[in-house]
Amino acid sequence: MSAPRIAVLLPCYNEAAAIAQTVAGFRAALPEAAIYVYDNNSHDDTVAVARAAGAIVRHERIQGKGAVVRRMFADVDTDIYVMADGDATYDAPSARALIDRLLDEQLDMVVGARVSQIELAYRRGHRFGNALLTGMLARLFGRSFTDILSGYRIFSRRFVKSFPSLSAGFEIETEISVHALELKMPCAEMSTPYYARPEGSISKLSTYSDGWRILSTILSLYRIERPVLYFGVVAGLLGLLAVILAVPLAITYAGTGLVPRMPTAVLVTGLVILAALNLFAGLILDTVVRGRRELRRLAYLSLPAPNR
C-alpha cells in the first residue's frame, strides 16, 4: 500500500510577517506534504511571500475563516489534512506525532491542545473565554475537548468530506467540534506548544465580538441538534409564567366565581398555547434532526477509515 497523502492547509489574512516561517516549519516537519496557503483578501504581501516560500497559493474571496475552511475542504483531495494558522503560533514539528496518533488509532480528528510557551502567546481573556465555552459545550453535548478553539487539527478524509461547513468566521472551530461530537467520531487531543506571533504580525481575533459569535453558534447548534430540550426549556418557562399569573385568578375565581382581570386571563391562555406549540415543535424537529444525523452518518461511513 502507498503511503497516505498529506496536505497542510493554512488560511491566511494579512500574514506576510509570519507565513514564510510557517511554511518553512511545516516543510521541514512534513517534507512529503503539499502545503496550501489560502489567501482571504490580504492587503499586504502574503501571497508573494507564500509563493516565494514554496507554498501552493489559492484564494477565497468571501471574507471570514469559516468561508476559507469551507473552500479548502471542498477543493483539496487528500488522505490526511493538517490545518493550522499562518501566523507561526502553532508548533509545526508536532504535526508528525499528531498524524501518527491519527493513523495508529484510526481516528478522524486529533486536536492540538495549546500549551502557551510565554504568557503573551495566549491572552487571559481568550483563555477564560475558551474555558467557559468548552465547559458549556461539554454540558450541552455530554462530552467535549479541552481546547475547542484550537486551530491546529489533523483530519481524516472521511471527516473533511462529511463535514457540512456553514460558519462564516472564527466560530468554525466550534462547528468542527460539534460535528465530531454529534457523529460520535473517534477523536483525540494532544498537547502542543503555542508561541507568540512574530514581530510585525497582528492578531485578527476580538475577545468580545468573536466570543459572542462563538457563544451564539453553540446556542444555535444546540437549538438545531437538541430541539426537544431547547424548545422544552422555552415551553417550560412559558408554562411556569402562565401558572404564576393564573394562581391569583384561580384563587379569586374560587372565592367569588368571578374573573375580574380578563386581560390577564387572556394572557395566560396565550402563554399556555405558546408553551404547547414550542413543545410540539421540539418533538417534530427532533424527528427531522434524527433523519439528518443518519444521512450525515451514512456519508461519513461511505469513506474508508485512515490507515497506513
Side-chain angles (χ1 to χ4, degrees), residues 66 124-149 164 166-185 206-297:
R124 290 183 179 179
H126 291 172
R127 191 178 291 120
F128 172 76
N130 192 7
L132 179 65
L133 294 171
T134 297
M136 182 177 295
L137 197 69
R139 291 184 65 86
L140 295 180
F141 293 95
R143 61 192 181 103
S144 183
F145 304 96
T146 61
D147 188 2
I148 65 168
L149 301 183
L166 300 174
S167 298
F170 286 104
E171 65 271 23
I172 183 66
E173 283 91 0
T174 305
E175 187 181 15
I176 288 172
S177 298
V178 169
H179 178 65
L181 295 174
E182 274 300 289
L183 293 190
K184 296 179 173 56
M185 295 181 180
S206 172
T207 301
Y208 299 105
S209 62
D210 287 321
W212 173 251
R213 290 179 65 179
I214 293 166
L215 177 60
S216 299
T217 298
I218 291 177
L219 294 177
S220 178
L221 289 169
Y222 189 59
R223 172 179 56 83
I224 294 170
E225 302 293 346
R226 297 286 190 273
V228 171
L229 292 179
Y230 183 91
F231 287 100
V233 169
V234 175
L237 292 175
L238 291 171
L240 179 61
L241 180 58
V243 169
I244 292 173
L245 294 174
V247 168
L249 296 178
I251 294 174
T252 302
Y253 181 77
T256 65
L258 300 174
V259 183
R261 290 180 289 174
M262 187 58 66
T264 303
V266 173
L267 176 60
V268 168
T269 303
L271 289 173
V272 171
I273 292 173
L274 288 175
L277 288 174
N278 273 276
L279 180 59
F280 283 108
L283 292 172
I284 294 169
L285 289 174
D286 186 63
T287 303
V288 175
V289 168
R290 183 178 178 85
R292 289 178 54 251
R293 192 176 297 133
E294 289 173 352
L295 290 175
R296 280 188 290 166
R297 182 72 183 178

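Hydrogens, waters and symmetry mates play no part in the numbers below; they use all other heavy atoms, side chains included.
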* Asked: Can you tell me how far the CG atom of Leu271 sits from the CG atom of Leu237, to the nearest 0.5 Å?
  -> 11.0 Å
* How far apart are the closest heavy atoms of Ala235 and Asn278, and which atoms are they? -> CB-CB, 4.0 Å
* Asked: Are Phe145 and Leu181 close enough that some pair of their side-chain heavy atoms sits under 4.5 Å apart?
  -> yes
* CZ/Arg297 to NZ/Lys184 distance, rounded to the nearest 0.5 angstrom? -> 8.5 Å
* Asked: Which atom pair, heavy atoms only, marks the closest approach of Val228 to Gly282?
  -> CG2-O, 3.5 Å
* Asked: Given side chains that start at C-beta, do those of Arg293 and Leu183 come closer than 4.5 Å, heavy atoms only?
  -> yes
* Any idea which heavy atoms bring Leu245 and Thr264 closest together, and the distance? -> O-CG2, 4.1 Å
* **Nearest-0.5 Å distance that lies between atom CD1 in Ile176 and atom CG in Leu149** => 11.0 Å
* Spacing of Ile251 atom CD1 and Thr256 atom OG1 [to the nearest 0.5 Å] -> 11.5 Å
* Look up atom CG in Leu238 and atom CG in Leu274, then write down how far apart they are to the nearest 0.5 Å. => 6.0 Å
* **Heavy-atom closest contact (Ile172 atom, Gly66 atom, distance)** => CB-CA, 4.0 Å
* To do: State, yes or no, whether a side-chain contact exists between Glu182 and Arg226 at a heavy-atom distance under 4.5 Å.
  => yes
* Asked: Which atom names give the shortest non-hydrogen contact between His179 and Pro164, and what distance separates them?
  -> CE1-CD, 3.7 Å
* How far apart are the closest heavy atoms of Ala275 and Gly239, and which atoms are they? -> CB-N, 4.0 Å
